[in-house]
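Contents: one structure, followed by commentary.
Just so you know, ligand 1 is whichever comes first in the structure, and atom 1 is the first atom listed for that ligand. Positions are given from 1, in the same order as the sequence printed here.
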Amino acid sequence: MLVAEFGPAFLGTGGSRIATYHFNSDNGAPVCEQVMNAILDCNRGTETAYGADQFTATLVQAYSNFFECQTFVFPVPTGTAGNGLALGAVTPSYGTIFCHEGAHIVTTEAGAPEFYSGGGRMTLLPGEHRKISLATLEDGLQRHGIGNVHHMAVSALSLTQATEAGVVYELDEIRALSAIAHEAGMKVHLDGARLANALVHLDATPAEITWKAGVDILTFGTTKNGTMNAEAVITFDPAIAQVLSFMHKRAGHLYSKMRYISVQLLSYLEDDLWRRNALQANRNAERIANALRQRSDVELVHPVHINEVFAVLPPRLVRALGEEGIHVRPWSFQHKGAGQRMVMSYCDSIEQIQRFEQVCREPINSEISPPGSPPMIERKAVRGP
Ligand SMILES: Cc1ncc(COP(=O)(O)O)c(C=O)c1O
């Protein structure tokens with residue numbers, strides 16, 4: 001089911017009941033029906049434990065087909081575990097990971113990559129829309145120095161696709177960044193928490209966006225786009241896979257009942273579920289962004305490539321949305337201060353999107369001039385970059 005009911009909560013006083021909708025995070029979306037049915041279907045009979053079951057065997061083949069090459073898959077339940085393991089597998093305790101200063105692995109994973117690498121560090125790079133440019137990477141490497149035993153060894157470049165600002169790296173950007181990283185002796189990692197959304201935005205194949213562009217290892221997220229708790233650490237390199245197989249077990253991620261995670265990852269690829277869900281989520285975001293673009297008092301802070309909209313909304317609009325039961329998440333922007341983040345998902349209801357559009361279209365109380373007052377002066381529209 002593509003556009004599912006979001007199960008709105010009903011709030012209200014004095015008999016008025018308003019359905020409330022949250023654009024806080026795609027993590028709040030329910031498990032989609034196809035995945036839930038697959039979990040129920042696999043819940044029959046006994047199976048071999050610890051990943052030697054038929055679902056996990058099928059999974060390895062399915063991901064190899066998906067990526068058009070031999071692929072090694074390590075299921076985990078969170079993106080943090082995936083990123084930590086993936087980066088730990090390519091970073092020695094004396095190594096450093098080059099990444100954006102606003103990357104999820106830096107800001108929101110409680111030091112998991114440092115933990116899994118047994119002491120590795122991060123070298124932080126700046127960049128607009130949380131993207132690393134070629135010049136910034138080259139400059140960072142030059143300043144760090146390569147092969148100097150007084151510094152940490154450069155071990156990995158981690159890119160987030162799409163970035164934490166909802167912006168996508170183009171294929172030629174990944175290729176060029178990977179070439180620089182490989183030249184410096186680094187492995188290239190993708191944090192693909194929203195990889196499906198990036199894939200549909202680019203209209204690229206999974207192979208093109210990863211190994212064909214130089215990516216050695218990635219965390220392929222599925223939880224935000226329809227599964228319950230399934231992310232896949234994927235590598236195309238047998239040597240990295242060998243290291244990972246031990247780390248995966250040692251970190252406590254070789255589940256005895258692996259079939260329940262594997263079947264989610266399998267179901268995600270079946271009938272292009274990943275694509276259908278990501279397309280829907282991206283389209284929902286485009287509609288929300290378009291509604292905001294119609295208003296002269298709203299600034300879109302980042303380009304809208306995937307299912308995330310970052311904007312500065314006037315307080316009266318936030319209030320008007322709230323009165324209609326629509327909640328947006330307060331967000332703090334590095335150079336702009338306070339604003340909002342809105343994340344759409346595959347299951348936002350049509351009603352939810354339409355209600356948002358309606359609020360944006362209608363004049364808000366404080367915008368209506370009292371009789372006899374001079375006409376309001378329209379502020380210059382500031383459109384997103
Ligand atoms: C860019 C990015 N990476 C990774 C993750 C995965 O994090 P978690 O450990 O919460 O599953 C998230 C989740 O919000 C994310 O936005």
Does a salt bridge link E299 with K336, judged by any charged N lying under 4.0 Å from a carboxylate O?
yes
Could you list the donor-acceptor pairs under 3.5 angstrom formed by side chains in residues 196-206, with sequence neighbours left out?
unit_1 : atom_1 : unit_2 : atom_2 : d
N197   : ND2    : N282   : OD1    : 3.0
H201   : ND1    : H305   : O      : 3.0
T205   : OG1    : E208   : N      : 3.0
T205   : OG1    : E208   : OE1    : 3.4

Contacts of H100 meeting ring-ring contact (aromatic ring centres under 6.0 Å, His included) (sequence neighbours excluded), chain-then-number -> none
Applying side chain to side chain donor-acceptor pair (under 3.5 Å) as the test, list every pair that has at least one member in residues 240-249; sequence neighbours left out.
none
Report yes if the side chains of M36 and M228 come closer than 4.5 Å at any heavy-atom pair, otherwise no.
yes
For a quick check: using heavy atoms under 4.0 Å, what are the residues in contact with ligand 1, sorted by chain and number?
N27, T78, G79, T80, N83, H104, E109, T160, E164, D191, A193, R194, K224
Mind listing the closest non-hydrogen atom pair of Q340 and M342 along with its distance?
CB-CE, 4.1 Å
